[in-house]
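Naming convention: chains lettered A, B, ... in sequence-line order (proteins, then strands); numbering from 1 in each chain.
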Amino acid sequence: MFFHIVLERNMQLHPRHFGRNLRDNIVSKLMKDVEGTCSGRHGFVVAITGIENIGKGLIRDGTGFVTFPVKYQCVVFRPFKGEILEAVVTMVNKMGFFAEAGPVQIFVSNHLIPDDMEFQSGDMPNYTTSDGSVKIQKDSEVRLKIIGTRVDATEIFCIGTIKDDFLGVINDPAAA
Amino acid sequence: MSLVTDSPVDSSSSDDFASFLDAALESNSSGSSPEGEAEEEEEEEAEEADDDKVEDNRVKRSKVEILEEVVEEACGSTLQGSLEQKLEESAKKDACTHPGSFGDMCILCGQRLEVESGVTFGYIHKGLRLHNDEIVRLRSTDMKNLLRHKKLYLVLDLDHTLLNSTQLVHLTSEEEYLKTQAAPFQDVSEGSLFMLEAMHMMTKLRPFVRSFLREAHNLFELYIYTMGDRPYALAMAKLLDPRREYFGDRIISRDDGTVKHQKGLDVVLGQESAVLILDDTENAWTKHKDNLILMERYHFFRSSCHQFGFNCRSFSELKSDESEAEGALATVLQVLKQVHSMFFDEPGNDPIDRDVRQVLKTLRKEVLNGCKIVFSRVFPTKFQADNHPLWKIADQLGASCSTELDPSVTHVVSTDAGTEKSRWAVKEKKFLVNPKWIEATNYMWQKKPEENFSVDQVKNQ
């Protein structure tokens with residue numbers, strides 16, 4: 001799920017960045033530092049959309065660095081248990097398949113793939129129904145339900161299932 | 001500048017917001033999901049959040065409790081016992097066995113697992129672990145699938161089996177010419193000599209390897225298992241299989257093994273009774289010797305010969321190479337085809353009950369069938385003769401070994417033409433060969449012409 005929220009961060013800046021462009025420097029540094037990182041609380045920071053305010057700088061004793069408290073608006077992405085997500089399949093093997101939704105890595109075990117879908121090995125391993133009408137292979141798009149999440153410093157892992165109503169392949173690149 | 005990164009402080013306002021979201025979503029999801037693991041949270045939040053569902057749940061639960069009481073009161077003691085049993089059974093069914101984990105979460109129920117257990121399958125995907133029961137289950141379903149396609153598993157070693165690599169710094173001055181012949185790593189579909197600048201390596205593919213893989217691919221599901229590290233394994237896989245049609249993600253490096261300095265089939269998702277292994281190092285496979293087909297080592301570079309203590313000139317220095325048509329890979333492909341056809345074409349019981357190790361043993365037994373071998377000056381005196389590797393090899397190849405001469409003896413294996421037994425062999429017109437004959441026969445899986453292994457020839461060398 002995406003959220004647009006306000007976060008705060010203390011930015012430390014080297015004195016060489018001070019001057020006319022101080023504000024720009026803070027913002028570009030903030031983007032570099034924050035975008036693409038994960039936190040267990042908010043999930044994956046997708047993009048910074050605006051700066052609310054930049055507080056008064058505080059000189060750190062002993063160094064020339066100055067700390068600025070910055071409040072910024074950003075879009076975050078965090079998967080939740082029970083959420084329905086659309087993801088792209090990255091790898092299919094006999095254990096199940098792996099899919100990605102942006103930075104989120106999702107594993108769907110073959111226990112959680114409908115029983116009528118069977119694994120087919122070969123150059124392009126896939127799960128196929130017995131009549132061949134539905135096929136999950138690399139680059140297929142699937143709709144799945146998250147049943148477990150774990151957020152690391154840089155990665156988000158999820159366990160998903162497609163063994164439920166209205167879940168499964170939504171777009172098959174092979175058929176197109 | 002390192003100071004800069006260490007102060008991510010979240011403001012209290014966003015904290016509140018996030019915790020509110022967390023609470024709201026968590027209670028929603030647990031309300032809709034059947035398992036009651038989040039019940040404690042619900043109770044805490046029930047006071048604050050005026051969520052109808054939570055209230056609903058509470059009411060339902062209390063109803064259930066009342067019902068249970070009623071049932072208990074109404075039922076006799078015997079009935080109650082069976083009821084309890086039933087409840088227990090259903091509880092067992094509901095409890096997840098946690099067949100494996102991905103990023104420390106159960107792959108079946110999504111629960112966080114505290115203890116790390118099971119076998120890591122890092123070569124398939126980072127953070128994936130499977131339990132033994134699950135591995136057994138996967139193997140047996142996969143086995144049925146594979147047998148339907150008339151395939152077996154084949155685990156291939158890289159170095160000295162399919163190819164030979166050397167560090168660029170180890171190239172001798174005589175080998176410098178190779179640098180101009182090597183194909184760049186970008187175009188790997190042609191040629192057999194490659195320079196991997198990024199890894200400071202030069203790699204020579206064994207002659208016949210491309211045809212070997214193409215044919216073996218139709219009969220086997222191929223695995224790579226190397227003692228090299230992961231980047232090396234992937235680079236070599238790219239050389240051998242530029243279109244990624246043979247190996248897929250079945251590339252195992254030393255980083256993925258479970259025991260140090262050992263290779264094991266525990267990370268291979270194939271039933272051991274259907275796995276063949278091609279490797280040049282017998283000691284790496286102590287637990288799976290019966291699955292192993294030993295390969296003659298392929299040395300192309302000088303440094304590789306040197307490493308194994310051979311002082312002869314290498315192929316690279318002689319500007320020659322192993323024979324394409326009669327080399328080790330061509331020979332072993334014949335053996336593999338034979339094993340495959342014996343496994344599948346033999347009439348009788350279901351293929352699922354057959355064992356490839358048994359087939360391999362039978363096939364080996366036929367190589368020297370009918371030979372009777374006597375050794376002379378091969379074993380040190382006082383050495384238990386039937387413990388010697390050569391004796392064991394001859395035995396596995398189907399020859400009968402003996403310490404005494406008698407008319408039924410067909411071969412005398414000797415290091416010296418002057419011994420009593422050697423002279424007897426010449427007099428009686430029996431084959432007199434040197435021990436290399438047995439080794440060559442072992443590698444080639446066929447009786448080599450005895451003339452090429454005469455004992456005098458060895459003395460002259």
Chemist: Counting only non-hydrogen atoms closer than 4.5 Å, does Thr149(A) touch chain B with its backbone (N, CA, C, O), its side chain (CB onward), both, or neither?
Modeler: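 Contact with chain B involves the backbone of Thr149(A) alone.
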Chemist: Indicate whether any N or O donor in one side chain lies under 3.5 Å from an N or O acceptor in the other, for Asp104(B) and Ser101(B).
Modeler: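 Short answer, no.
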Chemist: May I ask you to name which of Lys94(A), Gln105(A), Met124(A) has the most heavy-atom pairs under 4.5 Å with chain B?
Modeler: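 Most heavy-atom pairs under 4.5 Å with chain B: Lys94(A).
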Chemist: Please tabulate, for side-chain N and O atoms in residues 269-277 of chain B, each donor-acceptor pair with protein atoms closer than 3.5 Å (sequence neighbours left out).
Modeler:
none

Chemist: Check residues 82-92 of chain A and write down every donor-acceptor pair under 3.5 Å in which the side-chain atom is one partner and the other belongs to a residue at least two apart or another chain.
Modeler:
from, atom 1, to, atom 2, distance (Å)
Glu83(A), OE1, Met1(A), N, 3.2
Glu83(A), OE1, Phe80(A), N, 2.9
Glu83(A), OE2, Met1(A), N, 2.7
Glu86(A), OE2, Arg143(A), NE, 3.1
Glu86(A), OE2, Arg143(A), NH2, 2.8
Thr90(A), OG1, Phe98(A), O, 3.1

Chemist: Against chain A, label Leu138(B) side chain, backbone, both or neither, depending on which of its atoms sit under 4.5 Å from a heavy atom there.
Modeler: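 Answer is side chain: those atoms of Leu138(B) sit under 4.5 Å from chain A.
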Chemist: Charged N to carboxylate O below 4.0 Å: is that the case for Lys126(B) and Glu155(A)?
Modeler: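 Result for this pair is yes, salt bridge flagged.
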Chemist: As a quick check of understanding, evaluate side-chain contact (heavy atoms from CB on, under 4.5 Å) for Arg9(A) and Leu30(A), giving each step before the final call.
Modeler: CA-CA 9 Å; Arg9(A) 184 182 171 89; Leu30(A) 180 73; 3.7 Å; yes
Chemist: As an exercise: rank Glu245(B), His125(B), Arg137(B) by heavy-atom pairs under 4.5 Å with chain A and give me the winner.
Modeler: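 Looking at each option in turn, the highest pair count goes to His125(B).
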Chemist: Picking from Gly100(B), Gly127(B), Cys106(B), which has the most non-hydrogen pairs under 4.5 angstrom with chain A?
Modeler: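 Going by pairs under 4.5 Å, I would pick Cys106(B).
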Chemist: Name the region of Arg112(B), side chain, backbone, both or neither, that has any atom closer than 4.5 Å to a heavy atom of chain A.
Modeler: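 Side chain of Arg112(B) only, per the 4.5 Å heavy-atom cut-off to chain A.
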Chemist: If you count heavy-atom pairs within less than 4.5 Å of chain B, which of Ile146(A), Thr161(A), Asn93(A) leads?
Modeler: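 Option with the greatest count: Asn93(A).
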Chemist: Taking side chain as everything from C-beta outward and backbone as N, CA, C, O, which of these in Arg139(B) sits under 4.5 Å from a heavy atom of chain A? Side chain, backbone, both or neither.
Modeler: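 Contact with chain A is absent: no heavy atom of Arg139(B) under 4.5 Å.
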Chemist: Would you please indicate yes or no on a ring centroid separation below 6.0 angstrom for His42(A) and Phe3(A)?
Modeler: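 That pair fails the under 6.0 Å test.
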Chemist: Relative to chain A, which segment of Ile124(B) carries a heavy atom at a distance below 4.5 Å: side chain, backbone, both, or neither?
Modeler: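 Ile124(B) touches chain A through backbone and side-chain heavy atoms alike.
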Chemist: Are the ring centres of Tyr223(B) and Phe247(B) closer than 6.0 Å?
Modeler: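 Between Tyr223(B) and Phe247(B), the centre distance exceeds or equals 6.0 Å.
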